[in-house]
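My questions all concern the structure below.
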Amino acid sequence: METDIPGTTPLPFPTNLTNHSLCPEPEAWDWLYTMQPIYMFIICVLGILGNVFVLLVFFLHKKACSVAEIYLGNLAAADLLLTSCLPFWAINVASGFEWQFGSLMCCLVNTGIKMNMYCSIYFLVLVSVDRYLALVFALTYGRMRRPWYAKLSCLAVWILGIILSVPTLKFREVMYISKYSVTACILNYPSQTVELVCDILLVLLGFIIPVTVISYCTCKIIQALHWKVMERFNAVNKERKATVLVLAVLLAFLLCWIPFHLVTILDILIRYKILSGCTLQNVLDICNQIFTYLALSNSVLNPILYVIVGKNFRKKVKELQSSTRKTFA
């Protein structure tokens with residue numbers, strides 16, 4: 001299989017870096033290409049600081065984490081994994097895709113990025129299902145909402161993320177591309193059939209199925225929040241407070257990632273000649289850049305949402321600050 005390094009798809013997230021289009025590159029792409037490494041470094045610094053802060057608050061606070069906090073803590077860990085990998089891609093893009101970190105890091109960095117894609121959305125599936133059970137079936141499925149079950153569920157998500165990232169780990173390699181005179185870290189599938197299967201898995205398991213579950217649970221959660229009868233129960237009122245933060249995190253994730261996945265689907269359709277046209281190709285090239293930036297931003301938004309929207313999280317921060325002062329006083 002012939003492999004190219006096109007100037008029109010310098011993304012850290014693509015299924016591959018192949019491009020069979022002969023369309024000329026749009027001039028607007030040059031500006032995006034210049035800004036991408038700078039943006040990645042900014043996201044990296046802010047994302048690492050924010051998510052480390054969230055994890056420290058959850059781990060150092062004297063009270064045990066609730067089920068929702070266990071899921072959100074693992075989501076922060078997944079975001080931390082992503083932001084830790086971004087400097088390698090920023091340097092790679094700034095160097096004209098000349099990979100400088102060896103074959104092992106080529107596999108590990110891209111596997112870490114792909115794991116974030118899968119793990120993040122499935123942690124949100126868990127947290128949306130948890131809120132759904134807490135508000136709609138609080139009495140029926142209360143036993144399922146225990147920290148032990150939450151930790152096992154998170155372990156299962158990490159294992160699933162590793163399994164779904166195996167194609168990236170297996171097919172990523174450092175290869176010299178004579179056409180561009182560059183030694184690049186690329187996805188080199190053994191055949192178009194394998195490539196198609198991986199594309200379908202990405203769309204189904206990484207987007208359609210989890211977003212369907214999240215959307216269903218979110219609709220039911222919003223309906224439950226409007227049930228006036230629930231206002232009589234203090235326990236449910238506490239769950240409602242926790243749900244506000246969860247809904248904010250879900251909304252931010254969907255806004256950041258849905259455009260990226262929709263463009264990915266269109267890109268797959270173009271690669272397999274279902275759609276065609278240089279205008280469409282060039283528009284998608286630019287949208288790929290913009291929506292990748294938007295998707296990356298989600299790893300920075302979550303810690304900000306915890307502070308702005310999460311009353312319980314802010315309370316934990318204050319209590320942790322108070323206990324820290326007493327310790328060093």
Side-chain angles (χ1 to χ4, degrees), residues 12-13 39-40 42-55 57-58 65-86 113 115-132 134-135 154 157 161 206-222 225 239-264 287-314 316-317:
F13 299 113
Y39 186 86
M40 283 186 182
I42 294 174
I43 292 296
C44 173
V45 173
L46 296 179
I48 289 177
L49 292 176
N51 288 291
V52 167
F53 171 71
V54 170
L55 290 172
V57 171
F58 284 150
C65 291
S66 65
V67 172
E69 288 172 343
I70 291 173
Y71 295 143
L72 294 176
N74 278 270
L75 177 61
D79 287 337
L80 182 60
L81 174 64
L82 169 66
T83 52
S84 298
C85 294
L86 287 184
I113 292 172
M115 279 185 62
N116 168 267
M117 287 183 61
Y118 288 116
C119 290
S120 293
I121 197 166
Y122 280 103
F123 284 134
L124 288 176
V125 168
L126 290 178
V127 80
S128 62
V129 171
D130 172 70
R131 293 296 88 199
Y132 172 63
L135 290 172
C154 289
V157 167
F207 176 58
I208 294 177
I209 293 176
V211 167
T212 299
V213 175
I214 290 173
S215 299
Y216 174 81
C217 291
T218 301
C219 290
K220 293 297 182 180
I221 289 169
I222 293 174
L225 289 174
E239 297 292 355
R240 291 178 65 177
K241 292 180 181 179
T243 303
V244 173
L245 173 60
V246 170
L247 288 177
V249 172
L250 288 174
L251 179 62
F253 185 90
L254 294 176
L255 290 177
C256 289
W257 279 96
I258 283 181
F260 170 80
H261 283 292
L262 291 177
V263 170
T264 300
C287 288
N288 268 333
Q289 299 295 313
I290 296 173
F291 294 151
T292 296
Y293 298 155
L294 186 61
L296 291 174
S297 301
N298 184 246
S299 296
V300 176
L301 282 178
N302 287 336
I304 297 174
L305 290 174
Y306 296 163
V307 174
I308 295 176
V309 183
K311 293 183 179 180
N312 291 334
F313 183 81
R314 291 200 302 271
K316 281 196 169 188
V317 172

Open item on the list: Quick check on side chain to side chain contact (heavy atoms under 4.5 Å, CB included): which of L301, I304, V300, N51 does L46 satisfy it with?
Closed with: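 So the option named by the test is V300.
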Task: Distance (rounded to the nearest 0.5 Å) between L81 CG and S120 OG - done: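 So the CG of L81 and the OG of S120 are separated by 8.5 Å.
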Task: Pair F291-H261, side chain to side chain contact (heavy atoms under 4.5 Å, CB included): steps then yes or no - done: CA-CA 9 Å; F291 294 151; H261 283 292; over 6 Å; no
- [ ] For C119 and G161, work out which heavy atoms get closest and say how close.
- [x]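 Distance-wise, the nearest heavy atoms are SG-CA, 3.9 Å.
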Open item on the list: Could you report the tightest heavy-atom contact between S299 and T83, atom names first, then the distance?
Closed with: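 It is CB-CG2, 3.9 Å.
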Task: Nearest-0.5 Å distance, CD1 of residue I214 to OH of residue Y122 - done: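 OH of Y122 is found 9.0 Å from CD1 of I214.
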Open item on the list: Testing the basics here: between R131 and I221, what is the closest heavy-atom pair and its distance to 0.1 Å?
Closed with: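 Scanning both residues completely, I find the closest heavy atoms to be CB-CD1, 3.4 Å.
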TODO: Decide yes or no on side chain to side chain contact (heavy atoms under 4.5 Å, CB included) for L254 and L251, but give the supporting numbers first.
DONE: CA-CA 5 Å; L254 294 176; L251 179 62; 5.5 Å; no
Task: Chi angles and distances behind the side chain to side chain contact (heavy atoms under 4.5 Å, CB included) call for N302, V54 - done: CA-CA 9 Å; N302 287 336; V54 170; over 6 Å; no
Open item on the list: Please check this pair: side chain of N298 against backbone of L294, looking for a donor-acceptor N/O pair closer than 3.5 Å.
Closed with: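 No, because the side chain of N298 does not come within donor-acceptor range (under 3.5 Å) of the backbone of L294.
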Task: Separation of L75 CG from L55 CG (nearest 0.5 Å) - done: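 Rounded to the nearest 0.5 Å, the CG-CG separation comes out at 9.5 Å.
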Open item on the list: If you compare all heavy atoms of A295 against all heavy atoms of F260, which two are closest, and at what distance to 0.1 Å?
Closed with: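 The answer is CB-CB, 4.3 Å.
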Task: Evaluation steps, side chain to side chain contact (heavy atoms under 4.5 Å, CB included), between D130 and L126 - done: CA-CA 6 Å; D130 172 70; L126 290 178; over 6 Å; no
Task: Geometric class of the Y293/Y39 ring pair [parallel <30°, tilted 30-60°, perpendicular >60°] - done: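 It falls in the tilted class, 30° to 60°.
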Open item on the list: Nearest 0.5 Å, please: how far is CG in D79 from CZ in F253?
Closed with: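 These two atoms lie 8.5 Å from each other.
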Task: Polar contact flag, side-chain donor to acceptor under 3.5 angstrom, Y71-S128 - done: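 Y71 vs S128: no donor-acceptor pair found between side chains.
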Task: Nearest-0.5 Å distance that lies between atom CD1 in I121 and atom CZ in F207 - done: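 These two atoms lie 7.5 Å from each other.
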Open item on the list: So which atom in F58 and which in C65 form the shortest heavy-atom distance, rounded to 0.1 Å?
Closed with: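 Of all heavy-atom pairs spanning F58 and C65, the closest is O-SG, 3.5 Å.
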- [ ] Over all heavy atoms of both residues, which pair between Y306 and R314 is shortest? Give the atoms and the distance, please.
- [x]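 Looks like O-CG, 4.4 Å.
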Open item on the list: Rounded at 0.5 Å granularity, tell me how far CG in L80 sits from SG in C44.
Closed with: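 If we round to the nearest 0.5 Å, L80:CG and C44:SG are 9.5 Å apart.
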